[in-house]
Structures are given as C-alpha cells and as structure tokens.
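A quick write-up on the structure given underneath.
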Amino acid sequence: MAEYRKLAKRADQRLVRIERLAENEDFKAIKQYAYKKAVKDITHWDGSRQKPRFNTAPPKGKTAQASYMMLQAKVNDIKSFLESPTSTKMGVTKVYRRRAEAYNKQFGTNYTWQGIKQVTDSALFEKLESKMDRYIVLQVLGVIDEHKDEVEKRLAGKKENGQTIHIEVEDEVVGYEVEKVLRYYGKDLRKLLKSGVDMNILGK
C-alpha cells in the first residue's frame with residue numbers, strides 16, 4: 001500500500017505536468033501518448049476521465065488475496081506510465097527528434113522536430129497513414145500544400161466554369177489519393193490548413 005501511494009502521487013504529478021504542457025503549442029498533442037494509455041488504465045480502475053488520477057481508493061476484491069492482486073495490477077499500470085518515455089517533456093522531445101532525424105535521413109530533408117511534429121500529430125496524417133504508405137501520404141500533403149489556394153476553393157464548394165475544381169497531379173496514384181482526401185477528409189484537411197502548418201515536407 002505504501003508503494004502504491006508513493007507511485008500514484010508521483011504519477012499524478014506527472015499527469016498534471018502533461019496537462020499543463022498540452023497548453024503549449026509545441027506540445028498540444030502530448031496527451032496522445034503515455035497520457036492516453038494512463039487515462040484508459042485509470043478508467044479501468046473506476047477513475048475519472050475528466051480529471052484522471054491514479055491516487056484514488058485502492059481496488060478491492062472479494063477476498064484479501066484478490067484485493068492484493070488487484071492492487072499489484074494497478075501498481076504495474078502506474079509503473080508502466082512512469083517508465084514510458086512519452087510521460088515527460090524530455091522524453092516526448094527525444095521521440096520527436098528521433099522521428100525528425102528518421103524523416104530527414106530517409107527523404108533528404110532538413111526539418112526540425114517541431115516541423116515534423118506539426119504534420120505527423122495531425123488527425124489527417126494519422127488517418128491517412130493507417131490507409132496508405134507514409135511516403136504516399138507525404139506526397140499527397142505536398143501536392144495539397146502546393147495547390148493550397150485551389151484546395152481551399154474546392155473545400156469551400158467553389159467551381160470553375162461550373163465544374164468542380166480539379167487538382168492536376170502528374171503521378172496518377174498520388175492524384176487519386178489527393179482526390180480521396182478532398183472528398184472524404186475535408187473536415188480534417190480544413191483544420192490542418194487553418195493551422196498554417198507547412199505540409200510540404202518532401203519539398204524541403
């Protein structure tokens with residue numbers, strides 16, 4: 001019980017720091033990592049989603065042995081959070097920097113970790129990456145960035161000569177994916193465009 005209280009208090013302090021850090025533009029997506037899993041674990045132990053904290057009443061089973069095993073399981077969840085690299089500002093920064101280094105090495109670019117983060121943390125990027133190769137995603141976003149004015153008009157429902165505005169793309173595969181993004185991911189694309197982020201990673 002003493003270990004539980006000690007670790008829970010430490011974890012809760014870290015949760016608070018993450019919540020505060022999420023108010024910073026550079027770290028607004030920090031809750032998508034270790035924090036997100038912690039919230040899931042806390043909810044499992046009957047915690048609050050509004051103000052997720054580990055340091056609550058210890059779990060109780062029907063027997064003393066069951067209670068002990070449940071408490072140990074919760075302690076393991078707490079340790080998992082505390083040991084996660086993305087549960088601290090320094091850890092998250094390292095993850096972002098490694099990601100930027102990997103992109104720059106693979107694509108011959110010179111992006112900062114903040115620049116990579118803005119694109120890869122977006123809801124649109126996450127959805128597209130689950131459906132197509134990462135390189136194709138970057139090409140699609142690059143095309144959209146290059147034709148931003150036309151894209152914004154298309155999303156606003158404007159037409160040219162009574163026809164839907166078409167984005168010209170040399171690569172047929174990329175062009176097909178660009179069209180799908182414009183048709184089915186308009187809401188997420190508008191949000192990304194509104195943020196003003198530079199999506200043309202491959203053009204760097």
Side-chain angles (χ1 to χ4, degrees), residues 1-107 111-134 137-138 187-188 191-192 195 197 201:
M1 183 64 74
E3 181 187 30
Y4 165 65
R5 290 300 183 191
K6 179 181 178 181
L7 292 173
K9 287 179 181 178
R10 183 180 162 203
D12 286 351
Q13 289 175 345
R14 196 168 290 188
L15 288 170
V16 171
R17 286 196 289 270
I18 289 176
E19 289 164 358
R20 291 174 179 168
L21 193 58
E23 298 174 4
N24 183 307
E25 184 65 25
D26 283 340
F27 294 92
K28 62 182 181 181
I30 194 172
K31 289 185 178 180
Q32 297 301 312
Y33 303 105
Y35 184 95
K36 186 175 183 179
K37 183 180 182 302
V39 171
K40 184 178 180 180
D41 290 338
I42 289 170
T43 304
H44 171 74
W45 298 112
D46 298 323
S48 167
R49 272 188 172 274
Q50 298 301 318
K51 190 179 180 181
R53 298 293 181 262
F54 281 110
N55 194 18
T56 56
K60 289 187 177 182
K62 293 182 179 181
T63 65
Q65 184 179 9
S67 294
Y68 176 80
M69 293 179 67
M70 291 172 70
L71 182 61
Q72 186 60 57
K74 186 173 181 181
V75 166
N76 290 339
D77 284 344
I78 296 171
K79 285 182 177 179
S80 177
F81 170 69
L82 290 171
E83 292 168 2
S84 174
T86 55
S87 67
T88 67
K89 178 180 180 180
M90 183 180 295
V92 169
T93 302
K94 284 182 179 178
V95 169
Y96 283 137
R97 281 178 176 160
R98 283 199 298 268
R99 186 187 297 175
E101 288 171 4
Y103 272 87
N104 290 334
K105 183 178 180 180
Q106 183 177 1
F107 303 120
Y111 248 71
T112 62
W113 66 265
Q114 293 96 334
I116 291 289
K117 179 192 71 62
Q118 283 185 299
V119 176
T120 58
D121 277 350
S122 68
L124 179 62
F125 187 90
E126 185 176 336
K127 290 177 181 177
L128 295 182
E129 194 178 29
S130 69
K131 297 181 181 299
M132 65 182 85
D133 179 80
R134 176 177 292 180
V137 176
L138 294 176
K187 184 178 179 181
D188 292 318
K191 188 174 181 180
L192 189 56
S195 71
V197 63
I201 292 177

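Model, not experiment: these values are computed from the prediction.
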- Message: Are there over 12 heavy-atom neighbours, none belonging to E126, within less than 6.0 Å of that residue's CD?
- Response: no

- Query: Between V75 and L7, which heavy-atom pair has the shortest distance, and what is it?
  - Reply: CG1-CD1, 3.8 Å

- Task: Of all the heavy-atom pairs spanning F27 and L21, show the shortest one and how long it is.
- Result: CB-O, 3.6 Å

- Task: Report yes if the side chains of R14 and Y35 come closer than 4.5 Å at any heavy-atom pair, otherwise no.
- Result: no

- Under a 4.0 Å N-O cut-off, is there an ion pair linking R53 with E19? yes

- Item | Minimal non-hydrogen separation, K74 against A57, with atom names | NZ-O, 4.3 Å

- Minimal non-hydrogen separation, F125 against L138, with atom names: CE1-CD2, 3.9 Å

- Query: Considering only heavy atoms from C-beta outward, does the side chain of R98 approach that of V95 to under 4.5 Å?
  - Reply: yes

- Between K89 and R20, is any pair of side-chain heavy atoms under 4.5 Å apart? no

- Query: Any idea which heavy atoms bring Y103 and T120 closest together, and the distance?
  - Reply: OH-CG2, 3.4 Å

- Query: So, the side chain of D12 versus the backbone of N55: is there a donor-acceptor pair under 3.5 Å, distance only?
  - Reply: yes

- Message: Keeping S87 on the side-chain end and F81 on the backbone end, is there a donor-acceptor pair under 3.5 Å?
- Response: yes

- Note on the structure: When rounded to the nearest 0.5 Å, the distance separating NZ of K37 from CG of D77 is 5.5 Å

- What's the spacing between N104 CG and R97 CZ if we round to 0.5 Å? 13.0 Å

- Query: Are any non-hydrogen side-chain atoms of I18 and Y33 less than 4.5 angstrom apart?
  - Reply: no

- Item | Euclidean distance, L124 CG relative to S195 OG, rounded to 0.5 Å | 10.5 Å

- Is the backbone N or O of S80 less than 3.5 Å from a side-chain atom of S84, with the two atoms forming a donor-acceptor pair by type? no

- Message: With heavy-atom distances below 4.5 Å as the criterion, would you say the side chains of L71 and M1 are in contact?
- Response: yes

- Flag yes if more than 12 heavy atoms outside M69 fall under 6.0 Å of its CE atom; otherwise flag no. no

- Message: Restricting to non-hydrogen atoms, name the atom on L15 and the atom on F54 that form the minimum distance, rounded to 0.1 Å.
- Response: CD1-CD1, 4.0 Å

- Item | Interatomic distance, K62 atom NZ to M70 atom CE [nearest 0.5 angstrom] | 11.0 Å

- How long is the gap from CG on N24 to CD1 on I30, to the nearest 0.5 Å? 9.5 Å

- Query: Just how far is it from atom CD of Q72 to atom CD of E3, taken to the nearest 0.5 Å?
  - Reply: 6.5 Å

- Task: Please examine the side chains of P58 and R5, heavy atoms only from C-beta on, and report whether any two atoms are closer than 4.5 Å.
- Result: yes

